[in-house]
2 protein chains.
Amino acid sequence: MSESAPLQSGDQPERISDAEHAVMEVLWQRSPLTAAEVCEQVCEPRGWSLATVKTLLSRLVTKQALATEPDGKRFLYSPRVAREAYVGSESRRLVDRLFGGRAAPLFAHLAESDALTEDDIAEIEALLKELKS
Amino acid sequence: MSESAPLQSGDQPERISDAEHAVMEVLWQRSPLTAAEVCEQVCEPRGWSLATVKTLLSRLVTKQALATEPDGKRFLYSPRVAREAYVGSESRRLVDRLFGGRAAPLFAHLAESDALTEDDIAEIEALLKELKS
DNA sequence: CGTAGTCGATTACGCATGTAAACGATGGAG
DNA sequence: CTCCATCGTTTACATGCGTAATCGACTACG
């Protein structure tokens with residue numbers, strides 16, 4: 001082992017791209033799946049070929065976002081990072097970049113731009129009540 | 001004019017990259033500015049050279065995110081897209097990608113991950129009251 | 001036992017991005 | 001009038017991403 005990466009636990013998760021994210025969504029919904037099964041879920045809507053899905057899966061494995069488990073001659077893929085974690089880091093990224101790290105301005109912005117439906121508002125009110133209890 | 005782009009109003013704004021965004025922030029704060037002045041604001045913190053800033057400014061002009069106004073032999077740059085618009089589209093992108101277009105789950109997520117301070121919560125409550133009136 | 005289908009791995013290729021140096025025009029100093 | 005500093009523009013190059021074809025291995029069918 002001339003140059004093995006330490007890799008103990010100090011690696012922040014590598015950034016997942018847009019196309020890769022679509023693949024992750026499928027596997028967050030159900031896993032483990034084979035490449036072909038993933039393709040069944042995403043190839044049609046995104047106009048991809050199976051080859052594309054295979055590439056994305058490989059890259060995600062390299063990025064340590066997916067784990068593989070051999071099943072006969074093929075692999076089963078499953079997420080190694082929880083959706084919560086991904087969603088959390090992406091949200092924080094946005095809040096940091098655009099709102100100086102404060103969540104309230106984001107909320108204010110959504111409110112002002114009619115991005116909030118009646119239902120949203122009701123739901124958020126409910127959440128607030130819970131938070132205060 | 002063999003092939004003039006219609007360009008009337010049907011062009012959705014081109015995507016602004018991360019590095020470009022840093023430049024935009026400077027100009028959103030104060031404008032118009034020269035390339036050198038922009039550099040004064042961002043080169044130090046990001047470890048950039050003036051050349052890099054020049055490239056980013058050019059690309060932003062191409063993307064129609066900046067307008068130029070000649071001032072002697074140099075240019076003054078100012079934003080053509082409002083910060084509000086940019087922030088809005090980026091926020092919507094995130095909400096669409098991660099929360100199925102609904103803002104409430106985003107809020108729920110922020111709440112659960114302790115991303116909301118006391119102040120945030122108070123502010124949001126206030127905003128909610130306003131919304132309902 | 002050979003052959004066709006299927007797998008993951010390798011290679012490809014164009015465009016965007018981050019980062020910057022080189023170049024040509026030009027205006028101001030001497 | 002000449003030369004240097006300074007513009008914006010052009011060119012450069014590595015990396016990442018989107019999208020995919022090709023390749024070598026293997027398995028299942030005939």
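Within every chain, numbering begins at 1; the chains are lettered A, B, ... in the order of the sequence lines, protein sequences first and strands thereafter. Values below: every heavy atom of this structure, side chains too, minus hydrogens, waters and symmetry copies.
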side-chain contact (heavy atoms from CB on, under 4.5 Å) between A:M24 and A:V81, intermediate numbers included:
CA-CA 9 Å; A:M24 291 300 291; A:V81 303; 3.9 Å; yes
B:L27 and B:L57: CA distance, side-chain angles, deciding distance, side-chain contact (heavy atoms from CB on, under 4.5 Å) verdict:
CA-CA 11 Å; B:L27 288 159; B:L57 286 170; 4.1 Å; yes
Before giving the answer on salt bridge (charged side-chain N to carboxylate O under 4.0 Å, His left out), spell out for B:R30 and B:E37 the whole-Å C-alpha distance, their side-chain angles and the decisive distance to 0.1 Å.
CA-CA 10 Å; B:R30 195 159 55 88; B:E37 286 165 337; 5.6 Å; no
Take A:L106 and B:L106 through the test side-chain contact (heavy atoms from CB on, under 4.5 Å) and record every step on the way to the result.
CA-CA 10 Å; A:L106 166 57; B:L106 164 59; 3.8 Å; yes
Decide side-chain contact (heavy atoms from CB on, under 4.5 Å) for B:D119 and A:R102; before the verdict, give the C-alpha distance in whole Å, the side-chain angles of both, and the deciding distance to 0.1 Å.
CA-CA 9 Å; B:D119 288 359; A:R102 301 287 320 285; 3.9 Å; yes
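B:L60 has its CG atom 13 Å from the P atom of D:dT9, to the nearest Å. Look at CZ on B:R74: it is 11 Å from P on D:dT6, rounded to the nearest Å.
Here the side chains of B:Y77 and B:L60 are not in contact, with every heavy-atom distance at 4.5 Å or above. Side-chain contact between B:D18 and A:R93 is present, with heavy atoms from C-beta onward closer than 4.5 Å.
Scanning DNA chain C 5' to 3' for nucleotides with an atom closer than 4.0 angstrom to a non-hydrogen atom of chain B gives a first and last hit of C:dT17 to C:dG27.
For residues 41-133 of chain A, the set of pairs meeting the disulfide (SG to SG under 2.5 Å) definition, not counting sequence neighbours, comprises A:C39-A:C43.
Clustering ILVMFWY residues whenever any of their side-chain heavy atoms sit less than 4.5 angstrom apart, transitively, puts B:L131 in the very cluster that holds B:I121. Taking hydrophobic clusters as Ile, Leu, Val, Met, Phe, Trp and Tyr residues chained together by side-chain heavy-atom distances below 4.5 Å, B:V38 does not share a cluster with B:L76.
Tested against B:E20, the residues B:K63, B:R15, B:R59 include a single salt bridge (charged side-chain N to carboxylate O under 4.0 Å, His left out) partner, B:K63.
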Base, backbone or nothing for each nucleotide of nucleotides 12-26 of chain D, written B, S, -, heavy atoms under 4.0 angstrom, 5' to 3'?
B----SBBBB-----
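For A:Y86, the ring-ring contact (aromatic ring centres under 6.0 Å, His included) test picks out A:H21, A:W28, with sequence neighbours left out.
In terms of heavy-atom proximity, A:A22 sits nearest to A:R46 at CB-NH1, 3.6 Å.
Listed by residue number, the members of residues 28-42 of chain A with any heavy atom below 4.0 angstrom from DNA chain D form an empty set.
An end-to-end axis angle of 20° holds for the helix from C:dC1-D:dG30 to C:dG30-D:dC1, taken from five base pairs per end and rounded to 10°.
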